[in-house]
Amino acid sequence: QKEVEQNSGPLSVPEGAIASLNCTYSDRGSQSFFWYRQYSGKSPELIMSIYSNGDKEDGRFTAQLNKASQYVSLLIRDSQPSDSATYLCAVMWGGYNKLIFGAGTRLAVHP
Amino acid sequence: DAGVIQSPRHEVTEMGQEVTLRCKPISGHNSLFWYRQTMMRGLELLIYFNNNVPIDDSGMPEDRFSAKMPNASFSTLKIQPSEPRDSAVYFCASSPRQGAEGETQYFGPGTRLLVL
């Protein structure tokens, strides 16, 4: 059974702080990992993808991957109220771009 | 590009009625996915197609659900007969190509279905 686990939250952080979102996965063979952001009432949109161990930075976002520990995280620096959303971790398996999504972590950034 | 297009955006129907959801993937994408999202179960993959061929329908909840992709630019998800527990947001997503590590799925705006 392919599983992706996330803390449902809510994770509450003050504006300007670092938000840290975590995800674990069960399939050791997974090679591709994604973070999607979903605002209330909207569809998921891709924020970051990561495929290699280590860190990948894009603006205020940093994705971290540790395949040995089967762990992937997303850091949001200088959090803004507009970052308030649900963040979905997704792991790809199989040869046909099949994504398994976690339940999502709700982030609330308060002024 | 207009992105993934779904219709209708909202659907309210009565139990027992047939419901048809429609999706137009991004032009040139050859993988298409149907998802269902509820508060209880999160985002679940129902079925996906590659080059118009259904690859995995193990997520389809029961025989009341069926999906087709008659050509590269159109897919339908049909529920017949519908039940109140089918109420959810149904998303369609498309992806450029198969088998490539890290290909992104682009989601449509979703169809909000309410079965009374």
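Below, each value reflects all heavy atoms present in this structure, side chains not excepted, and no hydrogens, waters or symmetry copies. Only a predicted model underlies this, so the values are computations on that prediction, with no experimental measurement involved. Chain letters run A, B, ... following the sequence lines, proteins first, then strands; residues in each count from 1.
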Counting only heavy atoms closer than 4.5 Å, note whether [X] contacts chain A via side chain, backbone, both or neither.
{"X": "B:Leu45", "result": "side chain"}
{"X": "B:Arg112", "result": "side chain"}
{"X": "B:Glu44", "result": "neither"}

Does a side chain donor of either A:Asp78 or A:Gln80 reach within less than 3.5 Å of an acceptor in the other side chain? yes
For residues B:Met69 and B:Phe74, determine if any side-chain heavy atom of one lies less than 4.5 Å from a side-chain heavy atom of the other. no
Between A:Tyr36 and chain B, with a heavy-atom cut-off of 4.5 Å, which part of the residue counts as in contact: side chain, backbone, both or neither? side chain
A:Glu45 portion near chain B, given a 4.5 angstrom heavy-atom threshold: neither
Evaluation steps, salt bridge (charged side-chain N to carboxylate O under 4.0 Å, His left out), between A:Glu57 and A:Arg77: CA-CA 11 Å; A:Glu57 187 175 319; A:Arg77 291 182 298 281; 3.4 Å; yes
Choice from A:Gly102, A:Pro44, A:Ala103 maximising heavy atom contacts with chain B below 4.5 Å: A:Pro44
Are B:Phe107 and B:Phe33 close enough that their ring centres sit under 6.0 Å apart? no
Can you check whether B:Ser95's main-chain N or O pairs, donor with acceptor, with B:Gln105's side chain at less than 3.5 Å? no
